Novice: 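Please find one structure pasted underneath; my questions will follow.
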Number of protein chains: 2
Amino acid sequence: MVAKQHKGAPDEADLTRADSLAREIFSDIANKWAFLIIESLGEGTLRFSALRNAVEGISHKMLTQNLRMLERNGLVERNVHPTVPPRVEYTLTEPGQALRATVDGMCDWTHRYLGDIEVSRRRFDT
Amino acid sequence: MVAKQHKGAPDEADLTRADSLAREIFSDIANKWAFLIIESLGEGTLRFSALRNAVEGISHKMLTQNLRMLERNGLVERNVHPTVPPRVEYTLTEPGQALRATVDGMCDWTHRYLGDIEVSRRRFDT
DNA sequence: CCGAATCCTCAGCGATACTG
DNA sequence: CAGTATCGCTGAGGATTCGG
């Protein structure tokens, strides 16, 4: 359970610490760009520019920013090849791959219910 | 695949329309509050105020806003009991329940890798 | 109790330019 | 090619209020 941070439970100190950390991680990762990046890296290693093309519509800034965040949380690994021009490659780590599985689930879900959603939207917008 | 919107594929018109719709839905739903709301509603029906308590830290405005969005996309059902004071209950629909499964997966993931992430963060922050 | 509207603020984000 | 920094703006989102 991530939504509610328990208060007054026994063994409180550690529980709430874990919960607030979980919540923090959740807030980091539950964002559109992070998901799309993870999705794209699922196929395999990509370099920065390739990733930029893979994730339609992302800006240079958002890409670096999210990559740093994902790297910090240990979801992607960053490999710099000290050539010129520089070549930087990004790969999913094992935790990243694990998360990818659930992100894939979300993509499947989206395609599965696409029609229903479209219908529901039209009903609502009246 | 949601990340990249294919261009120049055969049968292009419908594919890109579906993709852009998928992308739009993805952008709607892949946000922190939506996930937390879905998580909380997984337990069962909740009324507005209960939901507000369940989702720690959400503002009145964000809650209504996300609930409207989820309702529009057909993930939650809104039931108004015409009593006084009013009583409004929210429930996950079948598509909502289906998505909840993957959101649960993400919660499990979070708790599973909590330790690794904490370590990774400390390494990174130096 | 629930929802919509209004105001106001601050951070997210894009654009641009500069380093290695 | 990849990353960082700066600037400026739009809009997300909190606080508050009123209405049903």
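Since the structure is predicted, the reported quantities are computational estimates derived from the model, not experimental observations. To find a chain, count down the sequence lines: A is the first, B the second, and so on, and within it residues start at 1.
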Novice: Say whether B/N31 and B/N66, considering side chains only, have a donor N or O and an acceptor N or O under 3.5 Å apart.
Specialist: yes
Novice: Can you list every pair that meets ring pair (Phe, Tyr, Trp, His ring centres under 6.0 Å) and has a residue in residues 40-92 of chain B, with sequence neighbours left out?
Specialist: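 Qualifying pairs: B/F48-B/H60.
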Novice: So how far off straight is the helix from C/dC1-D/dG20 to C/dG20-D/dC1, going by the axes through five pairs at either end, to 10°?
Specialist: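 It works out to 40° between the end axes.
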Novice: Could you tell me whether the phosphate oxygens of D/dT4, OP1 or OP2, come under 4.0 Å of any side-chain nitrogen or oxygen in A/R68?
Specialist: yes
Novice: Minimum heavy-atom separation for A/L51 to A/L46, with atom names?
Specialist: CD1-CD1, 3.6 Å
Novice: Once you round it to whole Å, what is the distance between P of D/dC1 and OH of A/Y90?
Specialist: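 A/Y90 atom OH is separated from D/dC1 atom P by 15 Å.
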Novice: Which atoms form the tightest heavy-atom contact between B/W109 and A/P95, and what is the distance?
Specialist: NE1-O, 3.0 Å
Novice: Transitively linked via ILVMFWY side-chain contacts under 4.5 Å: B/V84 with B/V88?
Specialist: no
Novice: So, does A/T83 get its side chain near the phosphate of D/dC1, meaning an N or O under 4.0 Å from OP1 or OP2?
Specialist: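 It does not, given that no N or O in the side chain of A/T83 lies less than 4.0 Å from OP1 or OP2 of D/dC1.
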Novice: Using a distance-only test with no angle check, is there a side-chain donor-acceptor pair under 3.5 angstrom linking A/R100 and A/Q97?
Specialist: yes
Novice: I'd like the 5' and 3' limits of the part of DNA chain C contacted by chain A, with heavy-atom contacts below 4.0 Å.
Specialist: C/dC13 to C/dG20
Novice: Identify, between B/R87 and A/Q65, the residue whose nearest nucleotide on DNA chain C lies closer to the 5' end.
Specialist: B/R87
Novice: I need the CG-P distance between A/L46 and D/dA2, as an integer number of Å.
Specialist: 11 Å
Novice: Quick one: CD on A/E77 to CD on A/E89, what's the gap to the nearest 0.5 Å?
Specialist: 10.5 Å
Novice: Under 3.5 Å, which protein N or O atoms sit close to an N or O of nucleotides 14-20 of chain D? Give each pair with its distance.
Specialist:
{"residue": "D/dG14", "atom": "OP2", "partner": "B/S59", "partner atom": "OG", "Å": "2.3"}
{"residue": "D/dG14", "atom": "O6", "partner": "B/K61", "partner atom": "NZ", "Å": "2.5"}

Novice: Can you give me the closest heavy-atom contact between A/Y113 and B/E94, atom names plus distance?
Specialist: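 Smallest heavy-atom distance, with atoms named: OH-OE2, 2.7 Å.
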Novice: For B/S40 versus B/V55, what's the shortest heavy-atom pair and its separation?
Specialist: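 So the minimum-distance heavy-atom pair works out to OG-CG2, 3.6 Å.
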Novice: Using only atom types and a distance under 3.5 Å, with no angle test, would you say the side chain of B/S120 pairs donor to acceptor with the backbone of B/D116?
Specialist: no
Novice: Would you mind classifying the nucleic acid contact of A/R47 as base, sugar-phosphate or nothing, using non-hydrogen atoms under 4.0 angstrom?
Specialist: sugar-phosphate
Novice: Which ones in residues 71-80 of chain A lie close to DNA chain D, meaning a heavy atom under 4.0 Å from one of its atoms?
Specialist: A/R78
Novice: Test side chain to side chain contact (heavy atoms under 4.5 Å, CB included) on A/L92 and A/L99; report intermediate values, then the result.
Specialist: CA-CA 10 Å; A/L92 287 184; A/L99 183 58; over 6 Å; no
Novice: For A/T45, check side-chain hydrogen bond (donor to acceptor under 3.5 Å, both in side chains) against everything at least two apart and list the hits.
Specialist: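 Listed in chain order: A/T91.
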Novice: Specify the closest pair of heavy atoms between B/R68 and A/F124, including all atoms of both residues, with the distance to one decimal.
Specialist: O-CZ, 4.1 Å
